[in-house]
Amino acid sequence: MRKKRLIISLCAAAAALLVFAAVLFDALSNKKNVEKTGIAMGSVVTVKLYGKSGEDCADEITDSIENEENSRISRYKDTSEVFLLNKNGKAELSSHTADIIKRAVKISEDSFGAFDPTVGRLSSLWNFDENVMTVPADEDIKSALEGTGSEKVKINGNTVTLGKNQEIDLGALGKGLACDIAAEILEKNNVKSAVVSVGGSVLTYGKNPSSDFWTIGIRTPEPDDTSAALKLKIHGTAFISTSGNYEKCFIKDNVLYHHILSPETGYPADSSLKSVTVVSDSGLVSDALSTACFVLGKENSSEVLKKYNAEAVFIDNENNVYITDGIFANVEAAKNGYALYEYGK
Ligand code: ADP
Ligand code: MG
């Protein structure tokens, strides 16, 4: 089962966001550059460092991301703080992990519960991570929903107490958080230019040595097509995350079931969107907001985007693309069939 999960994750991680090969090729032809690929958080992790040689720095990034998963945020690994918190319902956490939970609860509040870090029981029930392609019984969904609601999480210093039958799931912010960790390490090591991608989250760091901007591909929002539908130009350092309904999904009786859940209904969120990409100055925020905006839908996302000063690209079910004004001029179609509009934030 674990192997199956890994394969599924790898396919899913065949990237919601693609960093364009051509741009990288130029920069990577310089021998001093370093490229490293690994697996963490059920996703492919790619670290590309330009200019100054940095084999050790690349290793430090991949090791730190793995450590974040194993000892802090995984709800599967019995070595992690979140695992123990879920098991015991209460735990004194490291200040680092307590801080992540505080930030997650705040984003949940700011997104009117659309992003909900307490969907753990619901996520386990649907079990998209292990590719369980069945629709749970309605009564089981109702029962798992009773455990949700981040307002039930009590935080006192670093001690976190969960509500009844409540379980934390940080899956919707983990990959963005991994990009934040990467950025800290790049800064500490005085790296000038780098790109780090962890599944559907990307960090562009510093200046692209061979261009004025980095070019990021936003994936075609279909299960079997990993090519880019859109190109997004990014100047300097930024965090970009995409959430889409094509990642972990199945179709039953003509209905698409996918891994982004509505904390209101307990079923996959149906907001007429295929994907949402969020650009922010924080990885954790970009990842959590991409999930939040997917659940909220295009019309209801404006407030939370404004609050976090984030930009977004929405692709709806008809392949209409709505882009917030701060990045509207930076997006172009990479193939036919996508109509681009400015989004009124
Ligand atoms: P991915 O993990 O594929 O990058 P997301 O960032 O959108 O995609 O996170 C989806 C994951 O987050 C799910 O697999 C599940 O573990 C969890 N999740 C699902 N729905 C929600 C939600 N409404 N709020 C917070 N976490 C969620
Ligand atoms: Mg997310």
Side-chain angles (χ1 to χ4, degrees), residues 5 8-17 40-45 69 73-76 82 86 100-101 103-105 107-132 141 144-145 147-150 153 166-180 197-202 219 221 223 239-249 257-271 273-280 282-297 304 310 312:
R5 185 161 103 212
I8 294 157
S9 302
L10 286 178
C11 296
L17 294 162
M41 301 190 178
S43 299
V44 176
V45 179
E69 180 185 18
I73 66 164
S74 170
R75 66 192 179 94
Y76 297 116
V82 165
N86 284 343
I100 293 165
I101 293 180
R103 292 174 70 193
V105 167
I107 296 174
S108 184
E109 206 181 296
D110 291 338
S111 65
F112 317 102
F115 168 83
D116 185 344
T118 65
V119 290
R121 274 186 64 209
L122 207 50
S123 300
S124 299
L125 185 63
W126 283 93
N127 207 356
F128 283 97
D129 285 347
E130 290 193 333
N131 206 20
V132 173
I141 291 178
L145 267 179
T148 62
S150 58
V153 177
Q166 191 159 53
E167 283 183 24
I168 295 283
D169 173 4
L170 299 177
L173 60 71
K175 292 163 201 149
L177 171 66
C179 290
D180 286 331
S197 69
V198 185
S201 290
V202 170
R219 208 193 106 156
F239 297 86
I240 308 106
S241 295
T242 296
S243 289
N245 64 7
Y246 48 81
E247 287 270 344
K248 296 167 192 162
C249 61
Y257 294 91
H258 61 87
H259 74 311
I260 305 169
L261 303 170
S262 158
E264 216 169 271
T265 65
Y267 284 81
D270 180 11
S271 50
L273 295 171
K274 289 182 181 174
S275 80
V276 181
T277 299
V278 172
V279 183
S280 162
S282 150
L284 185 152
V285 168
S286 72
D287 200 358
L289 288 197
S290 68
T291 306
C293 293
F294 190 98
V295 174
L296 285 168
V304 72

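Every number for a ligand or one of its atoms is a count from 1 in the order of the listing.
Between Lys175 and Asp287 there is no salt bridge, since none of the side-chain N atoms of the basic residue sits less than 4.0 Å from a carboxylate O of the acidic one.
Under the 3.5 Å distance criterion, with hydrogens and angles disregarded, a donor-acceptor pair is assigned to the side chains of Ser123 and Asp169. Thr148 and Arg121 are not linked by any side-chain donor-acceptor pair at a separation below 3.5 angstrom, with hydrogens and angles left out of the test.
Ordered by chain and number, Ala172 O, Asp287 O, Asp287 OD1, Thr291 OG1 make up the set of protein N, O or S atoms under 2.8 Å of the Mg ion (ligand 2).
When each of Val278, Leu273, Thr242 is tested with Phe294 by the rule side chain to side chain contact (heavy atoms under 4.5 Å, CB included), just one qualifies, namely Leu273. Considering Ser280, Ser243, Ser275 in turn, Ser243 is the only one that fulfils the side chain to side chain contact (heavy atoms under 4.5 Å, CB included) rule with Ser290. With Leu145 as reference, Leu122 is the one residue of Leu125, Thr265, Val119, Leu122 to meet the side chain to side chain contact (heavy atoms under 4.5 Å, CB included) rule.
The 4.0 Å heavy-atom shell around ligand 1 contains residues Ala114, Phe115, Asp116, Val119, Ser123, Asp169, Gly171, Ala172, Lys175, Ser243, His259, Ile260, Leu261, Pro263, Asp287, Thr291, Val295, ordered by chain and number.
The backbone N or O of Ile168 lies less than 3.5 Å from a partner atom in the side chain of Asn86, making a donor-acceptor pair.
Within the 4.5 Å cutoff, the side chain of Cys249 has no heavy atoms near those of the His259 side chain. Between Leu261 and Pro268 there is a side-chain heavy-atom pair separated by less than 4.5 Å.
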